[in-house]
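All figures in this text were calculated on a predicted structure; none of them were measured in a lab. For ligands, and for the atoms within them, numbers begin at 1 and follow the listed sequence.
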Amino acid sequence: MANYWKEEYLSKLRSAEEAVREIREGDTVILGHCIAEPKALVDAMVANAQQYHDVEVRHMFSLGGGEYAAPQFKGHLRANPFFVSANVRTSIAEGHGDFTPVFFHEVPKLIREKRIRCDVLMTQVTPPDKNGYCSLGTSVDYTLQALHSARTVIVQVNENLPWTMGNHVHVSEFDYIVEQTEPLYESAPPKIGEIETAIGRYCASLVEDGATLQLGIGAIPDAVVRCLGDRKDLGIHSEMISDGILDLCEKGVITGREKTLDKGEIVVTFLMGTRRLYDFVNHNPVVKVLPVDYVNNPLVIMQQRNMVSINAALKVDLMGQVSAESIGLKQFSGVGGQVDFVRGVAMSENGKAIIAMPSLARKKDGTTVSKIVPYLEEGEAVTTSRNDVDYIVTEYGIARMKGHSLKERAANLIQIAHPDFRDALGQEYERRFHEPWCCGDGGKALELVR
Ligand code: COA
């Protein structure tokens, strides 16, 4: 059989330096997401920065160097991400570049409708199979739509990228191909201390046999997973997975048998972890990596019965407003998929949307502050609104919000605040509601799940 695609593949081969010269004045360049960010192409673009005029670089979560956001590239390259990762945080806070708030599930639609420009997509792909198809590997999310919408598609073929199921792109869809195999970004499993373990136990107590889970990244989701070893037939329908779930898969706890949609399958839109995770998903028919406008779509999530989502927060005020993306006016991250899941789960039969966080945060100057606060700071973005929020968990317990009045919410939240801050929060309760706050027994309004 003739391998037509091979000729095409060879005709599109370029060096990274040649390929990035295709970026034009005023272009918007979207980078493949997270682990699929094409390091060799980004490095070549940054090296060529002085040749560009007015080029914008966009992405969601990024583990790369983020050099394109640096002030010295003013007028040439600037960052305008959908999520502020550590690599671009300082530049953006100092006014170099910009930030675009957007629900993760809406990004492909906005690209399709040209409300988010995508002139150039640069991403990693696997080497082609015998028919000329490649896998997008660790990130399908908006990357697939960007590939379909971009004027110019530049791919970095990396042999280390796992082949994941549920997505494929043909060599004919690329404009330029750069072969460069290099190690994938890895994010080491987080350290789980006593506080995370306590939070993990409370969250896990809300997970019944047969539940389907969405887990974010970090110590708390991993701590939850460690407490689920005795559950049966759990399922995964999650924006992302990391190494945390691998032990549960090996133990046979995650079967997906009770899932209402995509039965038996682990469905995600991206993944981020260590080589152990990338090897696990490689050609694994159980794991499907699908576009984010499916995975994170609240209308899809709602169809999973017993859906449980677990996400983090920077702080929660006494009404239950969740701040998860800015500290004051400083953009710290982004909404990501938090609200996609909170809303989808709210419509799921027996669904439970959990926001989990330690009761205290340690600031840079070494002082500790309560993450349960009377008010959000001036300029702080509300990520999950008080109308959307359901369960809040700290190491001191679980506070329910849905169906509860403002007084009940405040009382429940004070009960799970750090003991050193409960009196001050109690005084705020009394000032606000003109009635005594009963510490200890929680007062008449208290309703903790456990
Ligand atoms: N006041 C002041 N500073 C605070 C704070 C508070 N209440 N809470 C946290 N901080 C500081 C911490 O001290 C830490 O500072 P450092 O970077 O100097 O060490 C920093 O903020 C991050 O805190 P941490 O608890 O380590 O956060 P995290 O890395 O676990 O991320 C979120 C937490 C909320 C920012 C993150 O989960 C997020 O961006 N969520 C929104 C997106 C989302 O939920 N996506 C869904 C699924 S993937």
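Of the protein's heavy atoms, none falls inside 4.0 Å of atom 19 (O) of ligand 1. For atom 48 (S) of ligand 1, a protein non-hydrogen atom is found at a distance below 4.0 Å. Closer than 4.0 Å to atom 30 (O) of ligand 1 lies none of the heavy atoms of the protein. The presence of a protein heavy atom under 4.0 Å from atom 24 (P) of ligand 1 is ruled out. Within the 4.0 Å cut-off (strictly below), a protein heavy atom is located near atom 7 (N) of ligand 1. By the definition of a contact as any protein heavy atom under 4.0 Å away, atom 38 (C) of ligand 1 is in contact.
Side-chain contact annotation: Gln338 with Asn311, donor-acceptor N/O pair under 3.5 Å absent. Counting only N and O atoms by type, the side chains of Asp98 and Asn80 include no donor and acceptor under 3.5 Å apart.
Taking the six-membered ring where the residue is Trp, His418 and Phe421 present perpendicular rings, their angle passing 60° and hence far from 30°.
Classification of Asp262 and Lys288 as a salt-bridged pair fails, no side-chain N sitting under 4.0 Å from a carboxylate O. Under a 4.0 Å N-O distance rule, the pair Arg275/Asp279 qualifies as a salt bridge. With respect to Lys315 and Glu380, a salt bridge is recorded, a charged nitrogen being found less than 4.0 Å from a carboxylate O.
A heavy-atom separation below 4.0 Å is found between Gly334 and ligand 1. Judged by the shortest distance from any of its heavy atoms, Gly218 lies outside the 4.0 Å radius around the atoms of ligand 1. Using a 4.0 Å cutoff on heavy atoms, Phe83 counts as a contact of ligand 1.
The nearest heavy-atom contact from the protein to atom 3 (N) of ligand 1 is Ile327 CD1, 3.8 Å. Distance from atom 33 (C) of ligand 1 to its nearest protein heavy atom, with residue and atom name: Ala312 CB, 4.1 Å. The nearest protein atom to atom 44 (O) of ligand 1, hydrogens excluded, is given as Gln338 NE2, 3.0 Å; this is a heavy-atom distance.
Not a single salt bridge (charged side-chain N to carboxylate O under 4.0 Å, His left out) links Asp317 to another residue, sequence neighbours left out.
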Which donor-acceptor pairs under 3.5 Å do side chains of residues 66-73 form with protein atoms, sequence neighbours excluded?
unit_1 : atom_1 : unit_2 : atom_2 : d
Tyr68  : OH     : His59  : NE2    : 2.8

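Residue Val369 has no N or O atom closer than 3.5 Å to an N or O atom of ligand 1.
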